[in-house]
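Following: one structure in structure tokens, then a few remarks.
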Amino acid sequence: QVQLRESGGGLVQAGESLRLSCTASEHTGSNYAMGWFRQAPGKEREFVASISWPGANTYYGRSVKGRFTVSRDNTKNSVYVQMNDLKPEDTAVYYCAAAQSGTYYARGLEDFASWGQGTQVTVSS
């Protein structure tokens, strides 16, 4: 299985920016989509963004579209999400996810097989 680790979370004020990083340590290959989900208190896990293998296509959840940008660096086995104009409603634990090997496109929970432990993002008003 792919092991994922997120970093870059923290406490910011509304309107500020943050970039999250996720590095994968895979054993079976790297030809898979990667993405980000988040879970806020009292809410279900929500799709944030994903990027296809090898990186030509990106997808975003409606609540972050236009503010967040997902990217990947395959030479580093990493995926990133640049989060701009953060709002208090963006407060959540953010999880990095990787699809199964050979799954080039992914947006749903069912498409992802590996998950990081999560990193907390808190946006104050």
Could you walk me through whether Asn77 and Ser30 pass the side chain to side chain contact (heavy atoms under 4.5 Å, CB included) check?
CA-CA 8 Å; Asn77 296 320; Ser30 59; 4.2 Å; yes
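- Cluster annotation: Tyr94 and Val12 are assigned to the same hydrophobic cluster (Ile/Leu/Val/Met/Phe/Trp/Tyr, side-chain heavy-atom contacts under 4.5 Å, transitive).
- Donor-acceptor pairing under 3.5 Å is lacking for the side chains of Tyr59 and Arg107.
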Go through the steps to decide whether Asn74 and Trp53 satisfy the test side chain to side chain contact (heavy atoms under 4.5 Å, CB included), and finish with yes or no.
CA-CA 9 Å; Asn74 297 327; Trp53 172 263; 3.5 Å; yes
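- In this structure, Tyr32 and Ala24 approach most closely via the heavy-atom pair OH-CB, 3.8 Å.
- One distance of note links NZ of Lys87 with OG of Ser125; it measures 13.5 Å at 0.5 Å rounding.
- Atoms CD and OG, on Glu89 and Ser63 in that order, are 8.5 Å from each other to the nearest 0.5 Å.
- Judged purely by atom type and a 3.5 angstrom limit, Ser78 uses its side chain to pair as donor or acceptor with the backbone of Lys76.
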Between Phe68 and Trp36, does the ring pair (Phe, Tyr, Trp, His ring centres under 6.0 Å) criterion hold? Intermediate values first, please.
CA-CA 11 Å; Phe68 291 12; Trp36 295 89; 9.9 Å; no
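- Atom CG of Asn31 is separated from atom OG1 of Thr103 by 8.5 Å, given to the nearest 0.5 angstrom.
- At a threshold of 4.5 Å between side-chain heavy atoms, the hydrophobic network of Ile, Leu, Val, Met, Phe, Trp and Tyr places Tyr60 and Tyr104 in two separate groups.
- Summarising the geometry, atom CZ belonging to Arg38 is positioned 11.0 Å from atom CG belonging to Leu20; distances are rounded to the nearest 0.5 Å.
- Interatomic distance, Cys22 SG to Arg5 CZ, rounded to the nearest 0.5 Å: 11.0 Å.
- For the residue pair Asp85 and Ser17, the shortest heavy atom distance occurs at N-OG, 4.0 Å.
- Side-chain heavy atoms closer than 4.5 Å link hydrophobic residues (I, L, V, M, F, W, Y) into clusters, and following such links, even through other members, never connects Val93 to Val48.
- When all heavy atoms of Gln120 and Ala92 are compared, the pair lying nearest together is NE2-O, 3.4 Å.
- With a 4.5 Å cut-off on side-chain heavy atoms, Leu86 and Leu18 count as touching.
- Checked by atom type and distance alone, the side chain of Glu6 pairs as donor or acceptor with a backbone atom of Gly118 at under 3.5 Å.
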List the steps and the verdict of side chain to side chain contact (heavy atoms under 4.5 Å, CB included) for Gln39 and Tyr95.
CA-CA 8 Å; Gln39 189 160 21; Tyr95 297 92; 4.2 Å; yes
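- No donor-acceptor pair under 3.5 Å is formed between the side chain of Thr119 and the backbone N or O of Ser7.
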For Arg67 and Asp90: C-alpha separation, side-chain torsions, deciding distance, then whether side chain to side chain contact (heavy atoms under 4.5 Å, CB included) applies.
CA-CA 11 Å; Arg67 297 187 297 120; Asp90 294 319; 2.7 Å; yes
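- In this structure, Thr122 contributes its side chain and Thr91 its backbone to no donor-acceptor pair below 3.5 Å.
- Tyr105 and Leu109 end up in the same hydrophobic cluster when Ile, Leu, Val, Met, Phe, Trp and Tyr side chains are linked at under 4.5 Å.
- Atom CE of Met34 and atom CG of Leu4 lie 5.0 Å apart (nearest 0.5 Å).
- Other residues, nucleotides and ligands contribute more than 12 heavy atoms inside 6.0 Å of the CZ atom of Arg45.
- Of all non-hydrogen atoms in Arg72 and Ser52, the two that sit nearest each other are NH1-O, 3.1 Å.
- For the pair Arg19 and Tyr80, the cation-pi test (distance below 6.0 Å, angle within 45°) is passed.
- Among all heavy-atom pairs drawn from Ala33 and Phe112, the shortest one is O-CE2, 4.3 Å.
- The cluster map of Ile, Leu, Val, Met, Phe, Trp and Tyr, joined by side-chain heavy atoms under 4.5 Å apart, puts Val2 and Phe37 in different clusters.
- Donor-acceptor pairing under 3.5 Å is lacking for the side chains of Ser71 and Gln82.
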